[in-house]
Amino acid sequence: MPDFWIIGPIAWDLALYVEHIPATGNFVQATESVERPGGTGANVATALSHAGGCVHMVGYVGADAAGRNMTEALATAGVDVDYVHVLPGRTSSVVLLIEPDGERTIIGIHPDLLHTVTIPVAAVAPGDVVYFAAWHDAFVPAAQAMAAAGALVTGVPPGTIPAMKYLIGSKNDFTTIPGRTTAIVTEGAEGVTVHAEGRSDHFPALPTDAVDATGAGDAFAAGLLWEIGKGQSLVDGVQLGLAWAAAAVQAKSSMPARTQPRRPGSRDPKA
């Protein structure tokens, strides 16, 4: 099994459960509120580590209590935090407005400084799996160099560069479907559509009762990367990703539920 390198946000979330999103100028009372670990990069890293992977987190936290909490949460999950930089100021934070059907609206609070983080290109070995959970154009040289050295480089839109083997994102993230990269488009409760080599294949989501959609896309990405890292097919990756996403939406959490690798011979993996 290769090492996984996750480059992406580490955040401290404030989740507010509301009956509806208020119209401009209106008021809504939260029925529940909770602070919790999150961030798309941290979410994917945690899911892969829980499954048994060797995972390196590349990102940053602020020099504050939230940063210490996030670093501890990642380390406790078994994630290597040697490449998590501590920057002056505040840790990334978001407010989540979560409706009864589990859908969430996300509001960022602090400026994104991920593009200032140094990516440890030389530490990535041939065959390792690299996932950019967020994208800045400043990442292009590092992504190209790691791909040239033999790593499998994946990411999110708009990271459409020759080095990107797979591009994973929600249908709202894609402005166009790239022609030279395999695009894996998540569509919430509708499932996933894979666009590759001039054809499109749709995979339905697993039926589930959603209470909080936060982290579902991250759980899907982690399941996909897990199977790809094992040398399994893209179809296997999509199927495990859908299973992990279905488990994630059943919990009130920003981070995916504890994940399990696919059991030998299992056709319907459970998270």
Should R36 and D212 be marked as a salt bridge (charged side-chain N to carboxylate O under 4.0 Å, His left out) after you check the CA-CA gap, both sets of side-chain angles, and the distance that decides it?
CA-CA 13 Å; R36 62 199 194 190; D212 188 340; 2.9 Å; yes
Has S33 got a side-chain atom pairing as donor or acceptor with L16's backbone, closer than 3.5 angstrom?
no
Side chain to side chain, F139 and L114, heavy atoms closer than 4.5 Å:
yes
So which atom in A143 and which in A163 form the shortest heavy-atom distance, rounded to 0.1 Å?
O-CB, 3.7 Å
How close do G38 and S254 get, heavy atom to heavy atom, and via which atoms?
CA-CB, 4.0 Å
List the atom of A123, the atom of Y83, and the distance in Å for their closest heavy-atom pair.
CB-OH, 3.7 Å
What distance separates E103 CD from L96 CG, expressed to the nearest 0.5 Å?
11.0 Å
Quick check against the 3.5 Å criterion: does D13 have a side-chain atom that pairs as donor or acceptor with the backbone of A15?
no
Examine distances only and state if a side-chain atom of T193 and a backbone atom of V185 form a donor-acceptor pair shorter than 3.5 Å.
no
Please tell me whether V81 and I119 are part of a single hydrophobic cluster in this structure, the criterion being side-chain heavy atoms less than 4.5 Å apart.
yes
For the residue pair G169 and P157, what are the closest heavy atoms and their distance?
CA-CD, 4.0 Å
Cluster overlap V55 with L152, hydrophobic side-chain contacts below 4.5 Å
yes
Exam field: side chain S49 to backbone A45, donor-acceptor pair closer than 3.5 Å:
no
Take E32 and K252, measure what salt bridge (charged side-chain N to carboxylate O under 4.0 Å, His left out) needs, and give me the verdict at the end.
CA-CA 11 Å; E32 183 180 351; K252 289 184 174 181; 2.8 Å; yes
Stepwise, does the side chain to side chain contact (heavy atoms under 4.5 Å, CB included) test hold for L242 with F220?
CA-CA 6 Å; L242 288 169; F220 171 81; 4.2 Å; yes
Do any N or O atoms from the side chain of D64 and from the backbone of T91 form a donor-acceptor pair under 3.5 angstrom?
yes
Are the side chain of H56 and the backbone N or O of F4 linked by a donor-acceptor pair below 3.5 Å?
no
Taking side chain as C-beta onward, heavy atoms only, is T116 less than 4.5 Å from H85?
no
Find out whether I168 and Y131 are in side-chain contact, i.e. whether some heavy atom of one side chain is under 4.5 Å from a heavy atom of the other.
yes
Under 3.5 Å: donor-acceptor pair, side chain of E227, backbone of G223:
no
Going by atom types alone, do H195 and S200 pair a side-chain donor with an acceptor below 3.5 Å?
yes
What I'd like to find out is whether the side chain of V121 reaches to under 4.5 Å of the side chain of M146, using heavy atoms alone.
yes
Do D112 and H136 have side chains that get closer than 4.5 Å, going by heavy atoms?
yes
Does the side chain to side chain contact (heavy atoms under 4.5 Å, CB included) test come out yes or no for W135 and L167, once each step is laid out?
CA-CA 11 Å; W135 184 256; L167 204 59; over 6 Å; no
Yes or no on side chain to side chain contact (heavy atoms under 4.5 Å, CB included) for T40 and V156, after CA distance, side-chain angles and deciding distance?
CA-CA 11 Å; T40 56; V156 298; over 6 Å; no
Within-4.5 Å side-chain heavy-atom neighbours: W244 and L224
no
Within one Ile-Leu-Val-Met-Phe-Trp-Tyr cluster: I21 and I109, side-chain cutoff 4.5 Å
yes
Donor on one side chain, acceptor on other, N172 and S170, under 3.5 Å
no
Only one of V28, I107, I106, L14 passes side chain to side chain contact (heavy atoms under 4.5 Å, CB included) with L97, and that residue is I107
Are M1 and C54 close enough that some pair of their side-chain heavy atoms sits under 4.5 Å apart?
no
Heavy-atom count around R90 CZ within 6.0 Å, excluding the residue itself: above 12?
no
Looking only at heavy atoms, the pair that brings G8 and A133 closest together is CA-CB, 4.1 Å
Should Y166 and L225 be marked as a side chain to side chain contact (heavy atoms under 4.5 Å, CB included) after you check the CA-CA gap, both sets of side-chain angles, and the distance that decides it?
CA-CA 10 Å; Y166 301 110; L225 295 172; over 6 Å; no
Can you name the nearest heavy-atom pair linking T214 to I98, along with the distance?
OG1-CD1, 4.0 Å
Using side-chain heavy atoms (C-beta onward) and a distance below 4.5 Å, is Q232 in contact with W226?
no
Please round to the nearest 0.5 Å and tell me the distance separating atom CZ of F174 and atom OG1 of T186.
8.0 Å
Considering residues, nucleotides and ligands other than N26, do more than 12 of their heavy atoms fall under 6.0 Å from its CG?
yes
Under 3.5 Å, which donor-acceptor pairs do the side chains of residues 67-79 form with other protein atoms, sequence neighbours left out?
residue, atom, partner, partner atom, Å
N69, ND2, A65, O, 3.3
T71, OG1, G67, O, 2.9
T76, OG1, E72, O, 2.8

Under a single-linkage definition using a 4.5 Å side-chain heavy-atom cutoff for Ile, Leu, Val, Met, Phe, Trp and Tyr, are L234 and L48 assigned to the same hydrophobic cluster?
yes
Tell me if a side-chain donor or acceptor on Y60 pairs with a main-chain N or O of L113 at a distance below 3.5 Å.
yes
From S253 atom OG to N43 atom CG, the distance as rounded to the nearest 0.5 Å
7.5 Å
Hydrophobic cluster membership, V34 vs W12, 4.5 Å side-chain cutoff:
no
